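Inspection log for the structure reproduced underneath, given as structure tokens.
Keep in mind that what you see is a predicted model, and the values were worked out from it rather than measured. We count ligands from 1, going down the list as the structure has it; atoms in each ligand are counted the same way. All values below were derived from every heavy atom in this structure, side-chain atoms included, with hydrogens, water molecules and symmetry-related copies excluded.
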Amino acid sequence: MNIIVCKSYDEMSLRAAQMVAAQMKEKPCSVIGLATGSTPEGLYRQLVNMYKSGEISFKGVTTINLDEYYPIAPANDQSYRYFMDHHLFDHLDIDKANTHVPDGTAADPAAEARRYEERITDLGGIDLQILGIGRNGHVGFNEPAQRLMLDTHITDLTKSTIEANSRFFASPNDVPRQALTMGIGSIFKARRIIIMASGANKKDAVRAMLERTVDTAFPATILNLHPNVTLICTADVLE
Ligand code: PGA
């Protein structure tokens, strides 16, 4: 795993944005895999700035997000569709038809998961995937488990994820109990992966990812098997 250590959250966000911009310049019709959460917000601000200054265009780009709560309506301000529109898509020249997020309103979530996985395949895989890391080692919503799923699937959220994400909801009871998420195999379809981490509260998770043997009880360890992963993190994560 390549490691880029940054002095601040802003520097981490800028370095990641520069790598995304380089990917888009090299291949204007890139498929970019995106993540939600606090970690990539600064990256999205940087990409919006780069677009507004005329440095990059998203006209040919397709995006595919890692996950979405289930059930949830896109208009719900805690949905990942809402997050992406609000933080990124609404500020770019991207065609919204080319932005993919699992449908949190699908009547049949298993069918929606299959449709989503087929979409990734039809797109020819992902050129560059952005990831965050959960304190319990999850990537996307691939939670610690005895077995990990390869393809996009519906999953139950763990207690620790519900607690961690309850900061965005009025109460922990309002956090959806399930999510649609890309599987480990879907993520591995990405030719390049950037995993971002910032702040001392990610220290244990990043250390475990780098030092533990590959372990389904800590899903991020599996990234050590991928041939092209870059960790971009703030210095306090590695102290
Ligand atoms: P965060 O979430 O960016 O809000 O810390 C990361 C994750 O849970 O994958």
Under 3.5 Å, N/O to N/O: give me all the pairs between ligand 1 and the protein, one per line with atom names and distance.
| from | atom 1 | to | atom 2 | distance (Å) |
| --- | --- | --- | --- | --- |
| ligand 1 | 3 (O) | Ser38 | N | 3.3 |
| ligand 1 | 3 (O) | Thr39 | N | 2.9 |
| ligand 1 | 3 (O) | Thr39 | OG1 | 2.5 |
| ligand 1 | 4 (O) | Ser38 | N | 2.9 |
| ligand 1 | 4 (O) | Ser38 | OG | 3.3 |
| ligand 1 | 4 (O) | Arg167 | NH2 | 3.1 |
| ligand 1 | 5 (O) | Lys202 | NZ | 2.5 |
| ligand 1 | 8 (O) | His138 | NE2 | 2.7 |
| ligand 1 | 9 (O) | His138 | NE2 | 3.4 |

Angle between ring planes, His86 versus Tyr82, binned at 30° and 60°: parallel, tilted or perpendicular?
parallel
Can I get a per-line list of side-chain donor-acceptor pairs under 3.5 Å for residues 50-57, giving both atom names and the distance, sequence neighbours left out?
| from | atom 1 | to | atom 2 | distance (Å) |
| --- | --- | --- | --- | --- |
| Ser53 | OG | Asn49 | O | 3.3 |
| Ser53 | OG | Met50 | O | 3.1 |
| Glu55 | OE2 | Lys25 | NZ | 3.4 |
| Ser57 | OG | Lys59 | N | 3.2 |
| Ser57 | OG | Asp93 | OD2 | 2.6 |

Polar side-chain atom of Thr216 near backbone of Ala145 as donor-acceptor pair, under 3.5 Å
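Looks like yes, one N/O pair under 3.5 Å.
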Quick one about Thr230 and Arg15 (side-chain donor to acceptor, distance below 3.5 Å, no hydrogens or angles considered), yes or no?
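Thr230 and Arg15 do not have a side-chain donor-acceptor pair below 3.5 Å.
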Output field: ring centroids Phe141/Tyr70 closer than 6.0 Å
no
Do Val61 and Thr63 make a side-chain contact, defined as non-hydrogen atoms from C-beta onward lying under 4.5 Å apart?
yes
